[in-house]
Each structure stands twice: as C-alpha cells, then as structure tokens.
Amino acid sequence: MRRWLKTLYDNQYFPAVAPLGDTPQDQQISRQWADWMKQQWHDHGLKELKQQRNLMTEVRQALKQQLGEDHRALEAMNFTRDEWIQINLSINDRVAARNEQQGLIEQPEAIVDRAKMLLESREWSEVAAGLAVVTGRRCTELLQTAEFTYASAYSVWFTGALKRRKEAMELRFEIPTLGPAKAAIAALDTLRSRVDTQGLDLETINRKYSPPVAKACDRYFAELIPQRAGRGNLYTHLFRTIYARIATHWYAPPTVADVEYMAAIQGHFLIQHEQDTGLRRSLAST
C-alpha cells in the first residue's frame, strides 16, 4: 500500500471501522468512513474512478487480511456494480486495439496434446500449466479453491471461482475440458498433493507459486501461441483466451453465439444478465 494511503488507513480509517458490528447504526458509520476515504482520494487529485481502482483494491485487501472476508466494512468500502462496470469499460480503447490485431491459433491440437502430456508430469508447475490449458482456470484456483466433479467425458462441474462477489449460494457451473475429464480431475488431485497451500491467503499463493507456472507455460507453449498485442503474460493468455477459443471452436453448439458460450464456460454471467444492449456489447468486447 502506498505510503500516504497507508497513513490514512492505519491512523484513521482502520481504527474507526475495526470495532464496528452488524447493527444499522454501525453500518451507517461504516458507510460514512468509506465516503470519507473516497473523499481523501479525491482531495489527493485522484478524482476519476479508473484512478481510484487500485486504491480500492489495496484498502479492501488490507481489510480482508486484518478483519476477514466477512467483515461489514467490506460492504461499504466498495464501488457499486455500475461503477465497477464503468471502470472496466474504461480500458476499452486498449482492448479494441488488441482486438484489431488478432492472431490465429494454427495448431490447437498440438497445444492440447502438449497440455495433456503435462498433466502427467512429475513437476507440479507443469501439471498446473497443463490444467490452465485444459480447464481454463487461474493458478490460485487450481492450487486452492477449485473443485472438479465429473459431468461427462469432456466436461466437469466446477466450484471455487475467484473474482466473484459473494453469492448467497456458491457458484457452480459446467465447464468443458480440452482433454478427458477424468484426466483433469486426477491432475488436480495430483497438484494438490504436491503443493500444500493450507493457511495461505490468495495473494501469497499467487506471489509464491504463479512465477514457476508462468515459466512452464513459456517453456512448453511459446512457439505454439501467436504473438499477442498488449500486456499480459503467456499464462494469462492460455487460461483466458486460448482455452476459451479452442473450447468454443470444438464444443459450442452452432445455435449459440461465441460470446455467450465463452461467458458461460468462464463464469462471466454479468454479460448474460445485462439487459442494456449497448452495455452488453461493451461487456462482451471487454
């Protein structure tokens, strides 16, 4: 956390919200302190939502580490759904530029064959790299939160998705696997047996274990993946784009639009639930 923000957090904000409970009065106080913190950002010259995004993330991460995931202060110290959408849409120019420089996946079978080979590796980082391609899930999910249950020969039921707001019922959805589902389930069990992340928070897991997985991705897939415009390492590209495009090409019914299928298998249900046509197109593009 940057120094001036940490001073505000440690000296004023955190001592005020830490003791608060679930009463209506305490919730109101929590909202007042959240408004106060946002005003400090504004007074510091960071007036636009896109400028405040990282500040919000840093404060929320600190709250989670010190007070836990369920503390009421997290409800107040947050942007609204529409504000988060506005923040995410602010990157559309960069996304559009990247979308105009699309590369073709010339050897999808070779990519998947290599991923299936890695599922049987003795190196945990290589197993994780293979799972990224075969299931499209994040490193932190694979190492701690993901659970796969057999659904069909080439699909699993998935729970443990990150980047989700707290739902009343845990999110569970079916995802296709680019190799046999039983092999993906077995590989996840193998990975968990080799890497123990019990007691570690997600930030620590990401910092400690993601770099070896990223190196494995570069080592085994770099020559098979088209050069990508914009930022983002190869691992991120593999579990987000490569997985989604191959899965769509192989499995999507011809009556279902690509963007709808990708939204479903990657858990991007905000796209599917949005009714505003213009906003829906913007979300799909992002």
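All values derive from a computational prediction rather than experimental measurement.
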Q.
Can a side-chain donor-acceptor contact be found between Tyr9 and Gln40 if the only test is distance below 3.5 angstrom?
A. no
Q) When rounded to the nearest 0.5 angstrom, what is the spacing between CD in Gln107 and CG in Asp113? A) 10.5 Å
Q) Looking just at side-chain N and O atoms, do Asn206 and Ser210 make a donor-acceptor pair shorter than 3.5 Å? A) yes
(Q) For a salt bridge (Lys or Arg N to Asp or Glu O under 4.0 Å) check, start with the C-alpha distance between Arg31 and Glu75, then their side-chain angles and the critical distance, and finish with the verdict. (A) CA-CA 8 Å; Arg31 287 191 292 270; Glu75 292 185 9; over 6 Å; no
**Q.** Tyr209 side chain reached by Leu142 side chain, heavy atoms, under 4.5 Å
**A.** no
Q: Would you confirm whether Ser121, through its side chain, and Met117, through its main-chain N or O, come within 3.5 Å as a donor-acceptor pair?
A: no
Q) Which pair of heavy atoms, one from Gly179 and one from Lys116, lies closest together, and at what distance? A) CA-CD, 3.9 Å
Q: Decide yes or no for Phe173 and Ile265: does some side-chain heavy atom of the first lie under 4.5 Å from some side-chain heavy atom of the second?
A: no
Q.
One thing to verify: whether Lys6 and Glu58 come together as a salt bridge, which I'm taking to mean a side-chain N less than 4.0 angstrom from a carboxylate O.
A. no
Q: List the steps, then state whether side-chain contact (heavy atoms from CB on, under 4.5 Å) holds for Leu63 with Tyr13.
A: CA-CA 10 Å; Leu63 285 172; Tyr13 176 75; 3.7 Å; yes
Q: Inspect the contact between Lys64 and Asp201 and indicate whether a charged nitrogen and a carboxylate oxygen are less than 4.0 angstrom apart.
A: no
Q: Compute the centroid of each ring, for Trp157 and then for Tyr150, and state whether the two points are separated by less than 6.0 Å.
A: no
Q.
Take a 6.0 Å sphere around CD of Gln66 and say whether it holds more than 12 heavy atoms from other residues, nucleotides or ligands.
A. yes
**Q.** Transitive ILVMFWY side-chain link Ile111 to Leu104, under 4.5 Å
**A.** no
**Q.** Thr190 (side chain) donor-acceptor with Ala186 (main chain) under 3.5 angstrom
**A.** yes
Q) Where the side chain of Thr197 meets the backbone of Leu200, is there a donor-acceptor pair that is under 3.5 Å apart? A) no
Q) Just by distance, do the side chain of Gln266 and the backbone of Arg240 share a donor-acceptor pair under 3.5 Å? A) yes
Q) Of the options Leu191, Leu143, Leu118, which is the one that meets Leu131 in a side-chain contact (heavy atoms from CB on, under 4.5 Å)? A) Leu191
Q | Gln65 and Glu203: side chain donor to acceptor below 3.5 Å | A | yes
Q. Atom CZ in Arg219, atom OG in Ser125: separation rounded to 0.5 Å?
A. 6.0 Å
Q: Work out which heavy atom in Ala62 is nearest to a heavy atom in Met1; give both atom names and the distance.
A: CB-CE, 3.7 Å
Q: Answer yes or no: is there a side-chain heavy-atom contact under 4.5 Å between Leu178 and Tyr251?
A: yes
Q. Out of curiosity, Leu49 CG to Lys38 NZ, how far, rounded to the nearest 0.5 Å?
A. 9.0 Å
**Q.** Gap between atom CG of Asn78 and atom CZ of Arg60 - 0.5 Å precision
**A.** 4.0 Å
Q: For the residue pair Trp84 and Ile87, establish whether any side-chain heavy-atom pair is separated by less than 4.5 Å.
A: yes
(Q) Using side-chain heavy atoms (C-beta onward) and a distance below 4.5 Å, is Phe158 in contact with Arg137? (A) yes
Q) Is the Phe79 ring parallel, tilted or perpendicular to the Trp41 ring (thresholds 30°, 60°)? A) perpendicular
Q.
Surrounding CD of Gln39 (heavy atoms of other residues, nucleotides or ligands, distance under 6.0 Å), is the total greater than 12?
A. yes
Q.
Please find the pair of heavy atoms, one from Ala187 and one from Val127, that lie closest to each other, and give the distance.
A. O-CG1, 3.7 Å
Q.
Could you walk me through whether Leu67 and Leu74 satisfy the side-chain contact (heavy atoms from CB on, under 4.5 Å) test, starting with their C-alpha distance in whole Å, then the side-chain angles of each, then the deciding distance to 0.1 Å, before giving a yes or no?
A. CA-CA 9 Å; Leu67 300 177; Leu74 286 163; over 6 Å; no
Q. Does a side-chain N-to-carboxylate-O contact under 4.0 Å join Arg192 and Asp189?
A. no
Q.
So does Thr80 get a backbone contact from the side chain of Glu83, meaning a donor-acceptor N/O pair under 3.5 Å?
A. yes
Q | Ala115 to Val134 - nearest heavy-atom pair and separation | A | CB-CG2, 3.9 Å
(Q) Just so I know, are the side chains of Thr23 and Gln27 near enough to count as touching, which here means a heavy-atom distance under 4.5 Å? (A) no
Q. Say you draw a straight line from CD of Gln28 to CG of Leu20; how long is it, rounded to the nearest 0.5 Å?
A. 11.0 Å
(Q) For a side-chain contact (heavy atoms from CB on, under 4.5 Å) check, start with the C-alpha distance between Val133 and Tyr220, then their side-chain angles and the critical distance, and finish with the verdict. (A) CA-CA 11 Å; Val133 176; Tyr220 286 99; over 6 Å; no
Q: Using modelled atom types only, decide if a donor and an acceptor are shared between the side chain of Tyr261 and the backbone of His249 within a distance under 3.5 Å.
A: no
Q) Is the closest side-chain heavy-atom distance between Thr177 and Phe148 below 4.5 Å? A) no
Q: Look at Glu223 together with Arg114 and state whether they make a salt bridge at an N to O cut-off of under 4.0 Å.
A: yes
Q. Around atom CZ of Arg2, are there more than 12 heavy atoms of other residues, nucleotides or ligands at under 6.0 Å?
A. yes
Q: Specify the closest pair of heavy atoms between Arg72 and Ser30, including all atoms of both residues, with the distance to one decimal.
A: O-OG, 4.1 Å
Q | Atom pair CD/OG1 of Glu260 and Thr255 - distance to nearest 0.5 Å | A | 11.5 Å
(Q) Donor-acceptor pair, distance only, cut-off 3.5 Å: does the side chain of Asp26 make one with the backbone of Gly21? (A) yes
Q) How about Ser155 and Ile175: do any of their side-chain heavy atoms sit closer than 4.5 Å? A) no
Q: Taking all non-hydrogen atoms of both residues into account, name the closest pair between His71 and Ala18 and its distance.
A: NE2-O, 3.3 Å
Q | Linked, directly or transitively: Met262 and Ile105 (ILVMFWY side chains, under 4.5 Å) | A | no
(Q) Using side-chain contact (heavy atoms from CB on, under 4.5 Å), reason through His44 and Leu55 one step at a time and then give a plain yes or no. (A) CA-CA 12 Å; His44 206 77; Leu55 302 176; over 6 Å; no
(Q) Does Asp218 form a salt bridge (Lys or Arg N to Asp or Glu O under 4.0 Å) with Lys215? I'd like the steps, not just the answer. (A) CA-CA 5 Å; Asp218 288 337; Lys215 289 182 180 179; over 6 Å; no
